[in-house]
Amino acid sequence: MLSRVADSLYWMARYAERAEHGARLLRVRLEAMVEQGDIESSEGWRRMLYALADLDPDDPAADPRDITYRVAFERTNQSSVISSIAAARDNARAVRELISSEMWEQINRQYLRLTNLDFDFVWSSNPAQTFIDIGDGIWFFQGITHSTMRHGEGFDFIELGTYIERAQLIARLLDVYLSPPQDDGPKFATPGYFDWISLLKQCTGFEAYAKVYTAQIAWRKIADFLIFDPEFPHSIRFAVDKVQSALEQIAPGAPQSRRAAIARMAGRMKASVDFGSIDEVVQGGIAPFLTSIQKQCEAIHTAVYTTYISYGLEDVLER
Amino acid sequence: MSTDERALDQELDEPPEQEAAGRFARPGLDEPFDAYVLDHTFDECFLPNRWSRPHYAPLHELLSSLPVEEIQRRQLACEQSFLHQGITFTVYGDSKATEKIIPTDLLPRIITGAEWDAVERGLKQRIKALNLFLKDIYHDARVVKDGIIPGDLVFGAKHFRNEMVGVEVPLGAYVSVCGTDLIRNEAGEFVVLEDNLRVPSGVSYMLANREVVRRAFPSVFRQSRVRPVEAYPQMLLETLRSLAPAGRENPRIVLLTPGVFNSAYYEHTFLARQMGIELVEGRDLLVHDGFVCMRTTSGLERVDVIYRRIDDDFADPLVFRKDSVLGVPGMFEAYTKGKVVVANAFGNGVADDKAVYAYVPRLIKYYLGEDAILQNVETYLCREPSALNHVLANLDKLVVKAVGESGGYGMLVGPHASEAERAAFGEKVKADPDNYIAQPTISLSRAPCFIEGKFEARHIDLRPFILTGAETQVVPGGLTRVALRRGSLVVNSSQGGGSKDTWVLAD
């Protein structure tokens, strides 16, 4: 498949995943806010802001309304929900001939709906419901993708984009809750019962967790579940496994010599979650582990680009 | 109009059969056609006596009886469908990056089968002569030696490409995809306004319009027995396949687009998807070992036929514009060596030049020994002194156009221009007469459009699409363009025009 097309499909999927993640965190936060006191709530907003964007969580001017606007609707914020959906749609438009019409119309409809929303109205009516709708719209898009597009190489690039993004986003979110404060990073209060529930909900994992561990809330079990559960779609292990299998499928015609380095990187990352345990991770430090997952994802991303997407003529000829 | 006047008017125009008058709303009289004014131009739908033409009767009857709200609802559904499909253009300079749909009018424009058959014969004849003309001027130029057309007019034309001299074009099909603009004059005859032989666009709107209009008027559509246009993408694919280099059993065909910012990008994606071919940009292609290849995730793959939707100027920076980043360096050389086929051929612009246009009837006679079936609009070549004097003396009555421009740019519509504008344009013509032609203000025919809750008459033209590979095929109908502003004659989408579905009836 055309390298440029692979590039667009990959980013379309990444941005869609990013938008859905943002909408989901906002939804959980807005729902939790109603039940929390001011201090707990403000801690929740700070955590979310740090998990979602490179925005300063200690900006004194930031109140929930302001944060929601910045994280969801501000176009100048590259990682806002609206920017992500716009970017997903731009990429979809660039491969309009390759994706199904149903996919395009769904992402286009989501984008048009979002641009027509009036933020004052959203905030004064039912903001949580708005983000439920946005998130559902993207799940719908991802579902349509599964159901209407050929599961060929293009689809594998979509899977790759979705799960690389997810692995990184979840790793970053866990980092905010689980890692001890760093000297140069922001300081968060120790999470309480309510925060752990929020974390599970932010990973769509409360019910799934309860089925494995009952509703017993213990941070070690939560960490184990969200990092190592092989069957839960928002665990790091699940995402890493999907990344690895997508990489096995793409560029089937490329010579083995070009594929080997990437296969090695993916295999190494997969082994670290397939054969790791929460005890080892706690012992070696949760923060370095989560950072390493994010770094490995970045390295795979770079390798995919230099190998399959933006290679030069000389790269092909010398092999 | 007062009640008395209306009564008088009715008396004069009362159709003989009372029964029919009850079912059909008469233009200029009955709602919702009361704002529909008939004038001296040819009306596609109505006869001068306010009766609808027979082939419009089923539609007219329906429109007379449907509540306006229902038509509005269908128009809205059609606009929504365009918006969701992304058949839009971006309004620049707007921070929200607003996207607008290409204006489309719900009411089909209808042509009888017999009329169409004559048009189709005329188009095939014309395109055949133009292909022979292009082959001739890029080889022996017999047509110039025989004194049919002045050499300076051909070789000095803005779009004549020296690089094309002696290049062999597969099947002699220089113009594989042609969009010829036709208008209907006051007598109701179709005449040719201009040929588009380079990178004509609009065919996706023809197909998109058909989809929504068929949905809006299913019963009239069935009853009218409309010839289908849906086969266009397959016809185009067949055409491109027939041009592939010899010995390439399963040729790889691609559509080359300037990219997502081009105003016709929707059309490029649409056609690529419908044909099942790869949509590529210049940066996807490179020339390796003399062949054009595309960069895929698995490595380089050879390309055999390029349906290019970018202008000559931008196609290859090594030969044409050096600053082009949209093209493929080395593509032209691969093309001249027959390693890749590019459609349309390069250098076609010389034959759709507005000055060469005036000679087309003579070219048809010269190459085919036949009289032109489709006439030209009367044209004055300002390069001829007597014509120049006539043009300068009659600027208020004429439309003056720069040759080698398209899209409604560089032109003066005399009757609609101010004294000062005419004077200024006259100076430009005097300074460079070779660069201008003039035509009488042509009267485009008019057809009903749905405008703000009423039916009104608007000027229209017609762009049929003609494909030439191993054979020449014309899709029945084409794109009807509408000048949506009242009284306007400019149908170009870049200048406030819209479009309509075009129905060619089975018989």
Side-chain angles (χ1 to χ4, degrees), chain A residues 1-10 75-76 82 86 89-102 104-116 152-154 156-157 160 249-255 258-259 304-305 307-317 319, chain B residues 80-88 90 94-101 204 208 211 233 252 254-262 265-289 291 293-301 303 329-330:
Chain A
M1 95 178 309
L2 277 182
S3 300
R4 176 181 54 80
V5 167
D7 171 48
S8 291
L9 290 171
Y10 172 82
R75 278 188 181 262
T76 49
I82 195 165
R89 173 179 176 266
D90 282 347
N91 279 287
R93 185 195 281 274
V95 288
R96 182 69 187 79
E97 85 291 355
L98 210 104
I99 60 177
S100 68
S101 292
E102 290 84 356
W104 161 252
E105 289 186 21
Q106 174 60 16
I107 192 77
N108 190 35
R109 211 162 22 230
Q110 283 303 305
Y111 170 78
L112 295 174
R113 253 196 63 224
L114 202 52
T115 52
N116 287 331
E153 195 185 358
D156 295 324
F157 268 100
L160 180 65
Q249 303 296 320
I250 64 180
R258 292 180 67 205
R259 305 168 50 99
V304 165
Y305 267 69
T307 312
Y308 302 133
I309 310 278
S310 48
Y311 61 85
L313 189 50
E314 55 292 344
D315 295 326
V316 191
L317 297 180
R319 289 161 208 218
Chain B
Q80 283 290 318
S81 162
F82 271 50
L83 189 64
H84 287 159
Q85 288 179 64
I87 312 180
T88 54
T90 308
D94 177 340
S95 65
K96 276 178 83 182
T98 309
E99 286 164 25
K100 292 204 162 158
I101 60 164
S204 61
E211 193 126 315
R252 182 174 284 281
V254 300
L255 192 157
L256 174 60
T257 173
V260 69
F261 298 108
N262 186 271
Y265 181 71
Y266 167 76
E267 174 153 314
H268 306 160
T269 65
F270 178 88
L271 289 174
R273 198 170 63 243
Q274 293 289 319
M275 288 192 280
I277 65 174
E278 214 84 51
L279 179 73
V280 302
E281 296 179 17
R283 58 193 160 119
D284 297 325
L285 300 181
L286 49 88
V287 176
H288 169 51
D289 212 11
F291 294 98
C293 300
M294 59 184 199
R295 196 194 310 264
T296 77
T297 53
S298 296
L300 299 179
E301 273 181 45
V303 170

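In the text below, chain A, chain B and the rest are named by the order of the sequence lines, each starting its count at 1.
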Select, from [options], the one with the greatest count of heavy-atom pairs under 4.5 Å involving chain B.
options	answer
A:Met1, A:Glu105, A:Arg4	A:Arg4
A:Ala94, A:Ser101, A:Pro252	A:Ala94
A:Ala6, A:Ala251, A:Ala86	A:Ala251

With only heavy atoms counted, which part of [X] is less than 4.5 Å from chain A, the side chain, the backbone, both or neither?
X	result
B:Leu286	side chain
B:Glu278	side chain
B:Glu281	both
B:Leu255	neither

Portion of A:Val95 that has a non-hydrogen atom of chain B nearer than 4.5 angstrom: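 Only the backbone of A:Val95 comes within 4.5 Å of chain B.
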A:Arg258 NZ/CZ over A:Tyr311 ring centroid, <6.0 Å and within 45° of normal: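 Flagged: A:Arg258 positioned over aromatic ring of A:Tyr311.
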B:Phe270: which residues meet the ring-ring contact (aromatic ring centres under 6.0 Å, His included) condition with it, sequence neighbours left out?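 Once residues adjacent in sequence are excluded, the partners of B:Phe270 under the ring-ring contact (aromatic ring centres under 6.0 Å, His included) criterion are B:Tyr266.
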If you count heavy-atom pairs under 4.5 Å between each of B:Val260, B:Thr257, B:Leu271, B:Val280 and chain A, which one has the most? B:Val280
Would you give the length of the straight line joining atom CG of A:Asn91 to atom CG of A:Leu9, rounded to the nearest 0.5 angstrom? 8.5 Å
Distance-only side-chain donor-acceptor flag, B:Glu267 / B:Ser204, under 3.5 Å: yes
